[in-house]
Amino acid sequence: MEAQGLHIETHPREGDPLLRAARPDPCTVVLFGATGDLAQRKLFPALFELSRANLLPDHFAVVAFSRSQLDDEAFRRHVKEGLQKFARTQPLDEAAWQRFAPRLEGISGGYDDPASFARLRERLEKVAQREGTQGNQLYYLATPASTFPQILHGLADAGLLSREERPDQKPWRRIVIEKPFGHDLESAKELNRELASVLDEKQIFRIDHYLGKETVQNILVFRFANAIFEPLWNRNHIDHVEITAAESIGVEGRAGFYDETGVIRDMVQNHLLQVLALCAMEPPVSFAAEDIRDEKNKVFRALRPVEGREVSRSVVVGQYEGYLQEKGVKPDSRTPTYVAMKLSVDSWRWEGVPFYLRAGKKLKKRMTEVSIHFKSVPIGLFAGEGATCQRLQPNVLTLRIQPQEGIALSFESKVPGEDVNIAGVTMDFNYAESFQKPVPEAYERLLLDCMRGNATLFARKDSVEQAWAYVTPILQALDSGEGGTVHTYASGTTGPQAASALLARDGRRWTQL
Ligand SMILES: NC(=O)C1=CN([C@@H]2O[C@H](COP(=O)(O)OP(=O)(O)OC[C@H]3O[C@@H](n4cnc5c(N)ncnc54)[C@H](OP(=O)(O)O)[C@@H]3O)[C@@H](O)[C@H]2O)C=CC1
Ligand SMILES: O=C1O[C@H](COP(=O)(O)O)[C@@H](O)[C@H](O)[C@H]1O
């Protein structure tokens, strides 16, 4: 790879048996909420891409459960329309569609109607016989969180869930629950109790699509497969860490959902805290799911609580101008669409190193990244006569999650010439250039992992609750007004001014959007 004068060789070792993933078992995916936005934009495109790449099990079917009256043909048309807009490879591969379409069928019913679930059971028995899916069932709840308990009870009462005592038990029954997992700590605990009453923890996949992103998975590989950075990855060398998830889009027809949710529940409680945990965790004893989850959970436990009036000092929230005019938003809504916050991780490694998080909609551009800001050099050697640049910039390591996925390291370099002129330069690794193949969508990887029963990239009960335990007092303080005001910001900007002040107080600045 050529990058600012650097040539980086890639040495892919895809044939290494340690890295080869198992082919998933035959199974039926039962999709609730199949006519919704997530299903259309993400789930069907992911399943289609897996089918096209021949990564799905040989015996496989999708049964969509929907309140809408959709026969199989109408349902397939609906899916195809979505794929024509959202499939990863465009234009739609017609031959691949012809292979995929017969695997889809729909069944209509009410989420609160036991007869619908009885019909679903009959249908699933027929599908298992016809397609040879061996009774393995993956239930995907792509519906609003308020419907999760109804669906769980419907499945359990119809005998469609059975607790698995052993990891290799067949046929298996697994459930995928979309985020946000609950509305606050209490409702998350209640949902966990409901799930635990019918399923074993290893059957539950709490999805957080950020964990399925290649660039997010690479955080652990980058940290623990390279010897050079990990010795520096602590309070002795790192000044502060920034995590940004900036979006240029607004609520995009999801205002009903978003207005009840807001940016902290939508992005911070799940995606950003998961990314923070991967950056801050200790090395796990192995790469096994539970070992990684144990270490992440310790990070959540070490987050210093922020509550009451303190919230106004560590958290800035904003709402974009025009949000109140979005269809489905309450006219006097105080729901934040932007947040900037300062977090402390009270651990040996991170004592005194602030983590600054920000997320927002309708910002200047789409940019999700982690930047690790190293400390300055201890003395300014280059300030003498003849040195024309005395202000050295600290090194910054940037993990670009999206777009232009990659990793960059900025450092100081001598500008060629007799004088000691110093300028900042960057070493840059870019996925597209180095690997010359498309980066799979997060949902492709995560759906396959559920079918394989691999929960490494899913959130565990305790960490979901820990994350809620951290954000719930912040949400309460913001709701009561004690946590400060909701600033407004113009669309297409970097967010409210107050967010800059949050870092300025510590003598720092946000990375430019
Ligand atoms: N959209 C996205 O980008 C993302 C969504 N999510 C999560 O995925 C889940 C689904 O989101 P999304 O697809 O956007 O949601 P939608 O509002 O589009 O709803 C999904 C579907 O759920 C069904 N449904 C059942 N009960 C209700 C109800 N009471 N009100 C509305 N719909 C109902 C409907 O399907 P039918 O009529 O066919 O039964 C509807 O089409 C949510 O938990 C969300 O938080 C997570 C990450 C990203
Ligand atoms: O979960 C969600 O994520 C998207 C952002 O996802 P990305 O993969 O595009 O970064 C966000 O737009 C949405 O509001 C939220 O529900």
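Both counts, for ligands and for their atoms, begin at 1 and track the order of listing. Side-chain atoms are counted along with the backbone in the values below, which use heavy atoms only and exclude waters and symmetry mates.
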> After noting the C-alpha distance and the side-chain angles of E444 and R88, does the key distance pass the salt bridge (Lys or Arg N to Asp or Glu O under 4.0 Å) rule?
Replying inline: CA-CA 11 Å; E444 295 170 29; R88 179 150 67 80; 2.9 Å; yes
>> What verdict does the ring-ring contact (aromatic ring centres under 6.0 Å, His included) test give for F300 and Y470, after you've listed the backbone C-alpha separation in whole Å, the side-chain angles of each residue and the deciding distance to 0.1 Å?
In response: CA-CA 8 Å; F300 295 130; Y470 178 73; 9.2 Å; no
> Please walk me through it: do Y139 and F65 pass ring-ring contact (aromatic ring centres under 6.0 Å, His included)?
Replying inline: CA-CA 10 Å; Y139 304 109; F65 184 101; over 10 Å; no
>> Would E247 and K361 count as a salt bridge (Lys or Arg N to Asp or Glu O under 4.0 Å) here? Give the steps.
In response: CA-CA 5 Å; E247 296 183 82; K361 292 205 180 277; 3.0 Å; yes
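With a heavy-atom cut-off of 4.0 Å, F257 touches ligand 1 through its side chain alone. Proximity of Y443 to ligand 1, defined as any heavy-atom pair under 4.0 Å, is confined to the side chain (atoms from C-beta onward). With a heavy-atom cut-off of 4.0 Å, D37 touches ligand 1 through backbone and side chain alike. If you look at K42 next to ligand 1, there are no close heavy atoms at all, none under 4.0 Å. In S66, the parts holding a heavy atom less than 4.0 Å from any atom of ligand 1 are both the side chain and the backbone. Residue R67 touches ligand 1 through backbone and side chain together, judged by heavy-atom distances below 4.0 Å.
Looking only at protein heavy atoms, the nearest one to atom 22 (O) of ligand 1 is P144 CD, 3.4 Å. The single protein non-hydrogen atom nearest to atom 46 (C) of ligand 1 is E178 OE1, 3.1 Å, given as residue, atom name and distance. Protein heavy atom in closest approach to atom 16 (O) of ligand 2: D266 OD1, 2.6 Å. Looking from atom 35 (O) of ligand 1 to the surrounding protein, the closest heavy atom is T35 OG1, 3.1 Å. When hydrogens are left out, the protein atom nearest atom 9 (C) of ligand 1 is T143 O, 3.5 Å; that is the closest non-hydrogen contact. From the protein, the heavy atom lying nearest to atom 44 (C) of ligand 1 is K179 O, 3.4 Å. Nearest non-hydrogen protein atom to atom 11 (O) of ligand 1 is L38 CB, 4.1 Å. Annotation: atom 21 (C) of ligand 1 to nearest protein heavy atom, G33 CA, 3.6 Å. The nearest protein atom to atom 3 (O) of ligand 1, hydrogens excluded, is given as R41 NH2, 2.9 Å; this is a heavy-atom distance.
The distance criterion of under 3.5 Å between nitrogen or oxygen atoms is met by Y210 with respect to ligand 2. Residue G36 has at least one N or O atom closer than 3.5 Å to an N or O atom of ligand 1. Among the atoms of Q402, some N or O lies under 3.5 angstrom from an N or O of ligand 2. In terms of polar-atom proximity, Y258 is not counted as a contact of ligand 2, lacking any N or O under 3.5 Å from an N or O of the ligand.
Of all atoms in ligand 2, numbered sequentially from 1 with element shown, those under 4.0 Å from a heavy atom of H271 are 1 (O), 2 (C), 3 (O). With ligand atoms numbered from 1 in the order given, ligand 1 contributes 45 (O) to contacts under 4.0 Å with heavy atoms of P180. Contact atoms of ligand 2 toward K361: 11 (C), 12 (O), 13 (C), 14 (O) (distance under 4.0 Å to a heavy atom of the residue). Close contacts between ligand 2 and R254 involve ligand atoms 13 (C), 14 (O), 16 (O) [criterion: under 4.0 Å to a heavy atom].
A cation-pi geometry, defined here as NZ or CZ lying under 6.0 Å from the six-membered ring centre and within 45° of its normal, does not hold between K437 and F435. Relative to the ring axis of W97, R99 does not place its NZ or CZ within 45° and under 6.0 Å from the centre.
No side-chain N or O of S66 forms a donor-acceptor pair with one of S108 less than 3.5 Å apart. Donor-acceptor pairing under 3.5 Å is recorded for the side chains of Q217 and R445.
Nearest heavy-atom pair across A499 and V316 is N-CG1, 3.9 Å. Contact detail for K342 and L502: the closest heavy-atom pair is N-CD2, 4.2 Å.
Ring centroids of Y140 and F32 are separated by 6.0 Å or more, keeping the two rings apart. Between Y338 and Y320, the ring center distance fails the sub-6.0 Å criterion.
At a threshold of 4.0 Å, the pair R52-D93 counts as salt-bridged, since one of the basic side-chain nitrogens sits closer than that to a carboxylate oxygen.
Which of F148, Y210, Y140, Y111 comes nearest to atom 23 (C) of ligand 1 through a heavy atom is settled by distance: it is Y111. Compare K213, H209, E247 by their heavy atoms: the one nearest to atom 11 (C) of ligand 2 is in E247. Relative to atom 2 (C) of ligand 1, the option among Q40, R265, E252, R254 with the closest non-hydrogen atom is R254.
No donor-acceptor pair under 3.5 Å is formed between the side chain of R206 and the backbone N or O of R460.
With sequence neighbours excluded, no residue forms a side chain to side chain donor-acceptor pair (under 3.5 Å) with D112.
When distances from atom 17 (O) of ligand 1 to the protein are checked, no heavy atom turns up under 4.0 Å.
With respect to L343, the side chain to side chain contact (heavy atoms under 4.5 Å, CB included) criterion is satisfied by exactly one of L303, V315, L272: L303.
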